[in-house]
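Both ligands and their constituent atoms are indexed starting at 1 by order of listing.
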Amino acid sequence: MSRIAIKSGGPAALPEWRAGFAAAAPGIEVIGWQETGAEQAEYALVWDPEPGRLAAMRNLRCVFGAGAGVDLITADPGFPRGVPLVRMAPPEAAQRMGEYIAWAALHLLRDGQRIARQEAARHWDEFHGRCASDLRVGVMGLGVMGLKAAEMLRGLGFAVSGWSRMRKSVPGMDCFAGDAELDAFLARTDLLVSLLPATEATRGILSAPLLAQLPRGAMLVNAGRGMHQRIDDILATLDSGQLSAAVLDVFETEPLPPDHPAWTHPRLTVTPHLASTPSRPERARFVAAQIARIERGEAPAPLWNPETGY
Ligand code: NDP
Ligand code: OXD
């Protein structure tokens, strides 16, 4: 029997993890992070392990990130580099992200904040806005999440382009690549969607100089990481009208402090890091399938790449 030690959701989440693994792979024993035997487990499923803790697990064969972004795991200077690190990627994760991005894009397109304000004031004003095909969406990051979001946005009729590190070829979509093509990508983007991973190259990328390259009145959605955005720049750019509206799901400090000005900005919609969290049974099924691959001698996927940092 294999053992998996879990640090995700705290002790209260353990019964659900246990039920998920019992259904997906009864041969895997689930051990809480603080329970006896956790240090001896062959597998770990973690969101934010304490520094040094994974390195102390001598039988460790594979680490599973509880999320797609594994930055809180790799931030540990003692992270055991020789052990494979698998990012969380059940099919439901990309689907959920696509749904969130589609919701955010439609919310911005149809001015959901104005609708909510009018409703609160019982004010009947039949305003009319743009159509999806009028809006050029640019997706930064064309990985598991970005490609699915782009596909779903195109299905809704948005004109979508994308930007990634290495060039992609996606039928029906203009694909830009690398720093050299960032300006051209931004210049044709009315709605910028950021689904980048947290790396040193992407830290603070959503700051005033980049936002200034968008057409005036452009809109922004960030569901990548809070470290990508300079929130003061975003608020100032909303005030100046360079950005007309934004939806942010992620923040440098989470939970966002109650007195943070982002909560009350009239053209900013804040969501509490909920863009895509697959259920525990969905994640248990995905991890169980990866463990089965490992135990058959096959490589799990998708693996975090220490060379690129994502
Ligand atoms: P992937 O690793 O699959 O994709 C990352 C994409 O970003 C790739 O297309 C990559 O380019 C591109 N990229 C990376 N660095 C650069 C760079 N310097 N310049 C241009 N492009 C770059 O990640 P996922 O799609 O699975 O997830 C993306 C992020 O979304 C996660 O890291 C996480 O932070 C966030 N996330 C947030 C969630 C939420 O609930 N808010 C839920 C899930 C994920 P290339 O293709 O060339 O390698
Ligand atoms: C993730 C997240 O990376 O939820 O999966 O942020």
Exercise. Indicate, as side chain, backbone, both or neither, the part of M140 found under 4.0 angstrom from ligand 1 when only non-hydrogen atoms are considered.
Key: neither
Quiz item: Quick one: does ligand 1 sit under 4.0 Å from the side chain of D179, the backbone, both or neither, non-hydrogen atoms only?
Solution: neither
Quiz item: Which of these, E29, E42, Q40, sits in a side chain to side chain donor-acceptor pair (under 3.5 Å) with R3?
Solution: E42
Taking both backbone and side-chain atoms of [X], is any N or O found less than 3.5 Å from an N or O belonging to ligand 1?
{"X": "A68", "value": "no"}
{"X": "L274", "value": "no"}
{"X": "A223", "value": "yes"}
{"X": "K168", "value": "yes"}
{"X": "R165", "value": "yes"}

Quiz item: Strictly by modelled atom types, are E254 and H273 linked by a side-chain donor-acceptor pair under 3.5 Å?
Solution: yes
Quiz item: Will you find, in the side chains of S161 and R188, an N or O donor that is under 3.5 Å from an N or O acceptor?
Solution: yes
How far is [atom] from its nearest protein heavy atom, and which residue and atom is that?
{"atom": "atom 15 (N) of ligand 1", "answer": "Y310 CE2, 3.7 Å"}
{"atom": "atom 2 (C) of ligand 2", "answer": "H273 NE2, 3.4 Å"}
{"atom": "atom 1 (C) of ligand 2", "answer": "A68 N, 3.4 Å"}

Quiz item: If we only count N/O pairs under 3.5 Å, is T277 in contact with ligand 2?
Solution: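 Min N/O separation from ligand 2 is not below 3.5 Å for T277.
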Self-check item: ligand 2 to G67 polar contact by distance, N or O atoms, under 3.5 Å
Solution: no
Going by atom type alone, with no hydrogens or angles, which donor-acceptor pairs under 3.5 Å involve a side-chain atom of residues 82-93 and a protein atom two or more places apart or on another chain?
unit_1: R87; atom_1: NH1; unit_2: A68; atom_2: O; d: 2.9

Self-check item: E35 side chain vs G32 backbone, donor-acceptor pair below 3.5 Å
Solution: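 At least one qualifying donor-acceptor pair exists.
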Quiz item: Could R96 and E99 be called an ion pair, given the rule that one side-chain N must be under 4.0 Å from one carboxylate O?
Solution: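 So R96 does not pair with E99 through a salt bridge.
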Quiz item: Below 4.0 angstrom, N of the basic side chain to O of the carboxylate: do R154 and E151 qualify?
Solution: no
Quiz prompt | Cation-aromatic face contact R61/Y43, 6.0 Å, 45 degrees | solution = no
Quiz item: Is it the case that R53 places NZ or CZ above or below the six-membered ring of W33, under 6.0 angstrom from the centre and within 45 degrees of the axis?
Solution: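 Flagged: R53 positioned over aromatic ring of W33.
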Quiz item: Within a radius of less than 6.0 Å around CG of D125, do more than 12 heavy atoms belonging to other residues, nucleotides or ligands occur?
Solution: yes
Among [options], which residue places a heavy atom closest to [atom]?
{"atom": "atom 41 (N) of ligand 1", "options": "V144, L147, D249", "answer": "D249"}
{"atom": "atom 5 (C) of ligand 1", "options": "A275, P197, G141", "answer": "P197"}
{"atom": "atom 18 (N) of ligand 1", "options": "G65, A149, A201", "answer": "A201"}

[X]: heavy atom below 4.0 Å from ligand 1, yes or no?
{"X": "V250", "value": "yes"}
{"X": "R87", "value": "yes"}
{"X": "G224", "value": "yes"}

Quiz prompt | Atoms of ligand 2, numbered as shown, that sit under 4.0 Å from any heavy atom of S276 | solution =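 Close to S276: 4 (O).
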Quiz item: Are V160 and L214 connected, step by step, through hydrophobic side chains (Ile, Leu, Val, Met, Phe, Trp, Tyr) whose heavy atoms are closer than 4.5 Å?
Solution: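 Looking at the clustering, L214 is in a separate group from V160.
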Quiz item: Would you say R87 touches ligand 2, if touching means a heavy atom closer than 4.0 Å?
Solution: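 Not so, R87 does not reach ligand 2.
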